[in-house]
There are 2 protein chains.
Amino acid sequence: MNASPQKSPWPNAADRERERGEKRNALLSAAVRSFNERGFHATSLDDVAASLNVTKPTIYYYFANKDEILFECVRLGLDGIRQIAEAVENAGGSGLDRLTALMRGYAVIMTKDFGMCVTRTADHELSEESRSRFRALKREIDITVRRVVEDGIADGSIASDDARLTTFTLAGALNWIARWYEPNGPLTAEQIADSCVKTLVQGLAPRS
Amino acid sequence: MNASPQKSPWPNAADRERERGEKRNALLSAAVRSFNERGFHATSLDDVAASLNVTKPTIYYYFANKDEILFECVRLGLDGIRQIAEAVENAGGSGLDRLTALMRGYAVIMTKDFGMCVTRTADHELSEESRSRFRALKREIDITVRRVVEDGIADGSIASDDARLTTFTLAGALNWIARWYEPNGPLTAEQIADSCVKTLVQGLAPRS
DNA sequence: ACGGTTATTTACTTCTCAGTATATGACCTA
DNA sequence: TAGGTCATATACTGAGAAGTAAATAACCGT
């Protein structure tokens with residue numbers, strides 16, 4: 001067993017940077033929970049700071065302004081979805097197989113703090129600049145999902161005559177999970193995801 | 001042809017009450033449009049008043065406070081849905097037939113000002129009291145829809161093993177219309193409604 | 001003509017909260 | 001041990017907007 005290089009009790013440059021990142025993340029986590037619970041406008045940075053035993057100017061040491069904090073939250077949420085969407089796009093299987101996997105991952109993210117923030121945040125809560133970046137990121141995901149739907153239509157595994165509307169309908173059902181999901185409820189995120197996806201894939205009408 | 005009773009140029013008590021109601025409605029319409037466009041918090045009553053060529057205290061002559069205005073908006077939206085839900089409940093046809101009609105009407109309302117307001121309004125934007133009334137109204141509708149789903153499961157016209165989750169999934173897809181619908185877009189509200197409902201009823205997987 | 005009611009205005013108060021100027025301490029390097 | 005950087009705190013400014021007090025105009029019934 002090799003001794004690992006001795007860890008100095010004094011932080012070096014790399015340590016300090018890691019610590020800074022961790023503190024930044026802690027602030028984002030505290031903020032996003034409050035945004036989700038009380039709403040962006042009703043969340044004061046004084047309260048967010050106090051919940052971590054610091055004061056407001058400390059927040060401004062890590063972020064330029066409140067808008068940047070909100071944008072970072074939705075960016076993290078969207079990034080999770082994007083990763084799933086990209087992973088799925090390159091996977092094998094029919095269009096429907098890939099869309100099913102995508103929707104399942106999407107649904108699970110909607111039950112997490114940063115995912116919830118994405119659908120609970122209205123465009124107009126962000127500054128003009130952040131708003132266009134927010135929209136661009138959402139559009140990117142929409143396009144990816146739509147492409148999978150189109151693949152499914154092309155290979156015959158998905159029935160739809162309008163990939164755009166179908167994508168909106170699916171996304172709505174999944175996005176809405178963030179509005180009613182209860183972390184302490186009886187169902188796990190995975191059970192909810194499976195049930196939603198099944199409803200969307202099978203439809204309401206029974207199959208003979 | 002009978003002469004209708006002569007209309008006096010001076011308003012009587014009934015006229016005045018009607019006028020008051022009309023003005024109240026005009027204020028609600030102006031407010032809801034701004035709420036939908038800019039958000040509740042970003043909408044100042046000064047602006048709403050100015051858009052109708054009056055001043056803020058005039059608003060306070062018709063409403064007790066900003067919260068009451070928002071609540072009235074969502075109440076009107078929810079009332080539209082409730083009416084459709086009740087009309088459909090007493091109609092004939094299988095559970096799926098009735099649910100289809102309900103979803104179609106629901107979707108159309110989601111493209112109207114007051115309907116949009118319902119799903120764009122987060123609970124925490126309302127005062128504690130309005131919030132519980134808001135939730136109660138939504139719960140009422142949810143229960144009605146769920147009952148229709150259960151009817152469909154019972155009569156075999158709907159395939160689902162969890163009426164509650166299925167109802168949430170459908171409601172999400174329909175509610176989300178309010179987030180992306182463009183009144184000046186290429187599709188009418190009815191076309192969108194039909195497409196969404198078809199996707200939900202038929203499912204993504206092709207039927208052989 | 002006159003007191004009362006309806007509808008609306010001007011001008012003000014008050015509060016919350018984002019964002020900042022500046023001080024302070026801890027710790028690192030030379 | 002002295003100067004510099006990092007991290008955080010105290011105490012403040014300023015803007016925006018909800019809500020109100022009080023004046024005023026229009027109009028009604030008597």
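- Computed from coordinates, the Tyr60(A) OH to dA7(D) C1' distance equals 17 Å when rounded to whole Å.
- Within 4.0 Å (heavy atoms only), Phe63(A) reaches no atom of the nucleic acid at all.
- The CG-C1' distance, from Asn65(A) to dA15(D), rounds to 16 Å in whole Å.
- Ion pairing between Arg147(A) and Glu150(A) fails under the 4.0 Å rule for side-chain N and carboxylate O.
- Atom-to-atom, CD of Glu22(B) to P of dA7(C) comes out at 13 Å; the value is rounded to the nearest Å.
- Applying the 4.0 Å criterion to OP1 and OP2 of dA7(C), one finds that Arg20(B) has a side-chain N or O inside that range.
- Distance, Leu27(A) CG to dA7(D) P: 13 Å, rounded to whole Å.
- The two residues Tyr62(A) and Arg20(A) have their closest heavy-atom pair at CE2-CG, 3.6 Å.
- Ionic pairing of Asp123(A) and Lys138(A) is present here: one or more N-O contacts between side-chain nitrogen and carboxylate oxygen are shorter than 4.0 angstrom.
- Between His124(B) and Arg131(B), some side-chain heavy-atom pair lies under the 4.5 Å cut-off.
- The backbone N or O of Gln191(B) lies less than 3.5 Å from no partner atom in the side chain of Ser195(B), so there is not a single donor-acceptor pair.
- Between Asp142(A) and Arg146(A) there is a salt bridge, with a side-chain nitrogen of the basic residue lying less than 4.0 Å from a carboxylate oxygen of the acidic one.
- Look at NZ on Lys66(B): it is 13 Å from C1' on dT16(C), rounded to the nearest Å.
- The stretch residues 35-55 of chain A comes close to DNA chain C through Thr43(A), Ser44(A), Leu45(A), each having a heavy atom under 4.0 Å from the strand.
- Across all strands shown, Lys56(A) has heavy atoms under 4.0 Å from base atoms, whether or not it also approaches the sugar-phosphate.
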Polar-atom pairs under 3.5 Å, protein N or O versus N or O of nucleotides 21-26 of chain D: list them with distances, or write none.
none

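- For the pair Leu174(A)/Leu200(A), a side-chain contact is recorded, criterion being any heavy-atom separation below 4.5 Å from C-beta on.
- dG19(C) atom P lies 18 Å from atom OH of Tyr62(A), rounded to whole Å.
- Put simply, OH on Tyr61(A) is 18 Å from P on dA23(C), counting in whole angstrom units.
- Between Arg18(B) atom CZ and dT6(C) atom P there is a gap of 17 Å when expressed in whole angstrom units.
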